[in-house]
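The block underneath contains the structure these notes are about, expressed in structure tokens.
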Amino acid sequence: MTSDNSDRLLYTLKSRGPLGTSPLARALGITEVGVRQHLAKLHGEGLVAFDDRAGEVGRPKRMWRLTAKGHGRFPDTHGDLTVSLIEGIRSVFGEAGLDRLIGARQKAIAATYRQALEPHADLGDRVGVLARLRTVEGYMAEFEMQGDGSFLLIENHCPICAAAKTCQGFCRSELELFQAAFGAGVSVTRQEHLLSEGRRCVYRIARLSSSDNEAGDRGLGHESMSPR
């Protein structure tokens with residue numbers, strides 16, 4: 001057994017969620033016997049656990065997943081320091097000051113994303129660019145096209161999880177950040193949320209129809225005529 005294959009197994013469970021022995025063997029390109037050996041080792045180290053799920057026929061199907069310790073192998077980026085800084089900012093400047101800091105961070109990152117997405121007209125290409133950017137930032141991101149022409153941006157890891165748990169504004173900022181990057185003609189909605197008992201964060205990205213855009217324009221027009 002090699003530590004490389006063990007690491008690949010952990011990565012596969014992190015990125016794909018619970019899997020049986022056969023899918024793991026196919027993903028790693030090794031035998032099921034080899035997978036079982038790695039799983040036994042990782043289970044002994046407390047990095048993986050299993051659930052036996054009832055199948056249609058035969059014995060229950062064993063599905064392997066990461067434990068909390070296993071997820072810890074994909075650490076939060078400077079989590080302790082980040083939490084300490086957030087608490088310090090909140091103590092000195094209050095929630096309003098912390099919100100201003102998050103807003104400034106969001107504005108700067110949104111400008112970077114827009115610049116990277118601007119050369120691409122196709123929505124799929126733009127989502128792909130964003131997925132690559134987020135992967136570089138540590139989010140283990142990927143994307144999938146859906147039958148209705150929309151796309152799912154899937155983030156299998158959150159490198160700012162500790163910060164997000166300490167300050168929910170970071171999660172709100174991420175959603176607003178994506179919306180700002182794609183612009184008014186695209187809708188961005190969160191489908192799964194890591195901090196709401198989800199395994200990962202998933203965002204649905206879709207072009208708005210002409211009727212949606214017209215409704216939005218009417219709404220903006222109505223708002224602009226409202227007394228301030």
Side-chain angles (χ1 to χ4, degrees), residues 4 7-19 23-24 26-28 47-48 64-66 68 70-79 82 102 105-183 185-208:
D4 178 61
D7 289 341
R8 289 173 59 213
L9 192 154
L10 292 173
Y11 183 93
T12 301
L13 290 177
K14 176 69 174 175
S15 60
R16 300 191 186 182
L19 290 172
L24 282 169
R26 289 194 296 271
L28 272 61
L47 296 171
V48 300
W64 291 89
R65 57 178 170 78
L66 294 184
H71 282 289
R73 292 288 292 269
F74 303 85
D76 196 343
T77 305
H78 308 301
T82 302
I102 294 172
R105 169 186 176 271
Q106 175 182 320
K107 184 176 180 181
I109 298 176
T112 299
Y113 287 176
R114 280 197 299 269
Q115 184 177 12
L117 268 58
E118 187 175 5
H120 305 277
D122 181 76
L123 182 59
D125 291 341
R126 299 175 76 198
V127 176
V129 169
L130 181 58
R132 289 192 290 274
L133 290 172
R134 298 291 283 182
T135 293
V136 170
E137 294 172 17
Y139 288 87
M140 292 175 61
E142 56 187 333
F143 71 102
E144 297 176 356
M145 184 175 183
Q146 303 300 289
D148 61 358
S150 65
F151 294 85
L152 295 183
L153 175 67
I154 301 165
E155 296 184 340
N156 295 297
H157 181 58
C158 179
I160 63 165
C161 190
K165 287 179 179 177
T166 303
C167 177
Q168 291 291 315
F170 279 101
C171 279
R172 182 178 66 252
S173 173
E174 297 293 283
L175 186 57
E176 295 171 354
L177 172 61
F178 296 154
Q179 186 63 73
F182 283 101
V186 174
S187 70
V188 181
T189 55
R190 184 182 282 125
Q191 304 288 293
E192 295 182 38
H193 190 201
L194 185 64
L195 296 188
S196 299
E197 301 184 355
R199 182 179 66 81
R200 57 193 183 175
C201 287
V202 179
Y203 300 86
R204 180 178 178 272
I205 301 170
R207 288 198 181 277
L208 292 172

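- We find the CG-CZ distance between L123 and R207 to be 5.0 Å, quoted to the nearest 0.5 Å.
- Side-chain N or O atoms of Q179 include one that pairs as donor or acceptor with a backbone N or O of V188 at under 3.5 Å.
- Note: I154 CD1 to E142 CD = 5.0 Å, rounded to the nearest 0.5 Å.
- Every residue two or more places apart in sequence or in another chain that forms a salt bridge (Lys or Arg N to Asp or Glu O under 4.0 Å) with R65 is listed here: D51.
- Taking each heavy atom of P119 and Q115 in turn, the nearest pair found is CD-O, 3.5 Å.
- Put simply, SG on C201 and NE2 on H157 are 11.5 Å apart, with the number rounded to the nearest 0.5 Å.
- No more than 12 heavy atoms of other residues, nucleotides or ligands shown are found within 6.0 angstrom of CD on E118.
- When side chains are defined from C-beta on, L153 counts as touching F178, because their heavy atoms get closer than 4.5 Å.
- R126 and Y113 share no donor-acceptor pair across their side chains, judged by distance under 3.5 Å alone.
- The distance from atom CG of D7 to atom OG1 of T12, rounded to the nearest 0.5 Å, is 10.5 Å.
- Expressed to the nearest 0.5 Å, how far CG of N156 lies from OH of Y11 amounts to 7.5 Å.
- Using a cutoff of 4.0 Å between basic side-chain nitrogens and carboxylate oxygens, R105 and E174 are scored as salt-bridged.
- Interatomic distance, NZ of K107 versus CD of E176, reported as 14.0 Å (0.5 Å rounding).
- Side-chain contact between R204 and D148: present, with at least one pair of heavy atoms (C-beta onward) separated by less than 4.5 Å.
- Closest approach of S15 to R200, counting heavy atoms only: O-NH1, 4.5 Å.
- Considering all non-hydrogen atoms of both residues, A181 and L117 come closest at O-CD2, 4.1 Å.
- The shortest side-chain heavy-atom distance between L66 and V48 falls under the 4.5 Å cut-off.
- Residues I205 and F143 form no side-chain contact, since every pair of their non-hydrogen atoms from C-beta on lies 4.5 Å or further apart.
- Annotation: side chain of Y203 is in contact with side chain of R190 (closest heavy-atom distance under 4.5 Å).
- Taking all atoms of both residues into account, the shortest heavy-atom contact from W64 to L13 is O-CD2, 3.4 Å.
- The two atoms that bring A131 and A141 nearest to each other are O-CB, 3.5 Å, heavy atoms only.
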